[in-house]
Amino acid sequence: MSSLAVRKTAPAAGTTPGTAQGPPLRRRIALVPTLTLLLGALYCLLPVAWVVIAATKSGSELFSTFTFLPGSGFGDNLSDLNAYREGVYWQWMGNSALYAGVGALLSTAVSAISGYALAIYRFRGREAVFSVLMAGVLMPPVILAIPQYLLLAKADLADTYLSVLLPLVLSPYGVYLARIYAAAAVPADVVEAGRMDGASEWRIFTRIALPMMVPGLVTVFLFQFVAVWNNFLLPFIMLSDDEKFPITLGLYTLLEQGSNTPALYTLVITGALLAVLPLIALFLVVQRFWSLDLLSGAVKS
């Protein structure tokens, strides 16, 4: 019985036998996106790391120790922040939760109805309405803030909670996202089948279309919540009573007072760290919801 001779090729010079051979230039080019992402992550996370470490320092340690060396005053900073003006910081946090929570819910509801109508119904002027909304997406908020203040002041609503909430109800970007998602997630055949079964348009929207749009609406809610939570310009123009301030405006007033009282700098840094925690918690909850929705969709399909 004859044996077959197996011809083995010799490895290239400078390489190890048994390893995959690939163009060195291609591997080097592939490292460029990875290095770019690492630099971008470092650029974004470095200020966060500074806030976390600076919040642990006392007033004397903040300006006398190495920047990224942890301190020993985090507990005292929390106590001072809690005692400052009888806990006004937590009132600012509550105001931010009110503005962001209610504002994001109302904006999501308006975006869902508007986006569904623009995606499903065919009517004269539909594209013109959508073009106006797209123009609103491109409009800087600073241009709209002064006219909004004048309108609300004419209605005697300036320096009230409604003066911050009402301008947030309509979000052009939220309507745009809702329309795009409704057009992709709600089949026209399903809507037509509901009509043939005698369901009203409102029932079709609430019982058929809305459950299909939930993942997209969660995204709209998240974007709106973060935008309202971080909003500074609108409350700065609308409000004069500091007990109605959101957390962004409250920390700004603390920072201004810190120029005369340096001890307040530690309160500002600690307050900024605590103000980020609700956003992180919300993102983790929404991320879990997205995962569950994708899994349920895979099971149903």
Side-chain angles (χ1 to χ4, degrees), residues 37-104 161 164 168 221-236 239-291:
L37 290 175
L38 288 176
L39 290 176
L42 182 64
Y43 176 80
C44 295
L45 294 177
L46 196 61
V48 178
W50 182 86
V51 169
V52 172
I53 295 173
T56 65
K57 297 183 179 183
S58 62
S60 59
E61 294 173 337
L62 184 62
F63 300 102
S64 61
T65 60
F66 179 65
T67 302
F68 292 100
L69 182 66
S72 58
F74 183 68
D76 294 335
N77 293 340
L78 285 179
S79 300
D80 294 341
L81 184 64
N82 187 54
Y84 178 74
R85 288 184 52 191
E86 299 180 354
V88 70
Y89 174 82
W90 303 111
Q91 186 170 356
W92 294 338
M93 286 280 281
N95 292 337
S96 288
L98 174 66
Y99 295 139
V102 177
Y161 289 102
V164 179
L168 304 173
F221 176 82
L222 177 64
F223 285 170
Q224 280 299 105
F225 189 95
V226 173
V228 177
W229 185 274
N230 294 328
N231 193 5
F232 170 80
L233 180 62
L234 184 64
F236 181 75
L239 302 176
S240 58
D241 184 4
D242 62 352
E243 292 187 355
K244 299 184 179 72
F245 283 178
I247 190 64
T248 51
L249 194 53
L251 291 177
Y252 171 75
T253 59
L254 271 179
L255 187 62
E256 277 195 327
Q257 297 173 22
S259 59
N260 299 321
T261 310
L264 293 178
Y265 282 137
T266 56
L267 301 188
V268 175
I269 296 172
T270 307
L273 175 62
L274 296 179
V276 176
L277 298 182
L279 298 181
I280 297 176
L282 178 64
F283 179 79
L284 293 176
V285 171
V286 170
Q287 188 180 38
R288 179 176 178 273
F289 175 84
W290 279 331
S291 301

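No experiment lies behind these values; they were computed from the predicted model shown.
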Are the side chain of Thr56 and the backbone N or O of Gly71 linked by a donor-acceptor pair below 3.5 Å?
yes
First locate atom CG of Leu234, then atom CG of Leu168, and finally report the distance between them rounded to the nearest 0.5 Å.
6.0 Å
Do Val228 and Val164 touch side chain to side chain, with heavy atoms closer than 4.5 Å?
no
Considering only heavy atoms from C-beta outward, does the side chain of Pro235 approach that of Phe245 to under 4.5 Å?
no
Give a yes or no answer on whether the side chain of Thr270 reaches the backbone of Leu267 with a donor-acceptor pair at less than 3.5 Å.
no
Any donor-acceptor N/O pair, Glu61 side chain to Ser72 backbone, under 3.5 Å
yes
Could you check if a side-chain atom of Phe221 sits within less than 4.5 angstrom of a side-chain atom of Val226, using non-hydrogen atoms only?
no
Taking every non-hydrogen atom, the tightest pair across Pro246 and Leu239:
CD-CD1, 4.1 Å
Side-chain (Gln91) to main-chain (Glu243) donor-acceptor, under 3.5 angstrom:
yes
Trace of the side-chain contact (heavy atoms from CB on, under 4.5 Å) decision for Asn77 with Ile269
CA-CA 9 Å; Asn77 293 340; Ile269 296 172; over 6 Å; no
Walk me through it: do Leu274 and Leu78 pass the test side-chain contact (heavy atoms from CB on, under 4.5 Å)?
CA-CA 10 Å; Leu274 296 179; Leu78 285 179; 3.8 Å; yes
Do Tyr84 and Tyr89 have ring centroids that are under 6.0 Å from one another?
no
Go through the steps for Thr253 and Trp92 under the test side-chain contact (heavy atoms from CB on, under 4.5 Å), then give the verdict.
CA-CA 11 Å; Thr253 59; Trp92 294 338; 3.9 Å; yes
Quick one: does Trp229's side chain have a donor or acceptor within less than 3.5 Å of a partner on Ala275's backbone?
yes
Is it true that Tyr99 and Tyr161 have ring centroids separated by less than 6.0 Å?
yes
Contacts of Trp90 that satisfy side chain to side chain donor-acceptor pair (under 3.5 Å) - sequence neighbours left out:
Asn82
Hits for salt bridge (Lys or Arg N to Asp or Glu O under 4.0 Å) against Asp242, two or more places apart or cross-chain, chain-then-number order -> Arg85
Would you mind reporting whether Ile247 and Asn95 have side-chain heavy atoms less than 4.5 Å apart?
no
Just wondering, do Ile53 and Leu69 contact through their side chains at under 4.5 Å, heavy atoms?
no
Could you tell me if the side chain of Asn231 sits less than 4.5 Å from the side chain of Thr248, heavy atoms only?
no
Would you say the side-chain atoms of Lys57 and Thr65 include a donor-acceptor pair closer than 3.5 Å?
yes
Side chains of Leu222 and Leu282: does their closest heavy-atom pair fall under 4.5 Å?
yes
Does any part of the side chain of Phe225, heavy atoms only, come nearer than 4.5 Å to the side chain of Val286, both counted from C-beta?
no
To the nearest 0.5 Å, what is the distance between CG (Leu98) and CE (Met93)?
13.5 Å
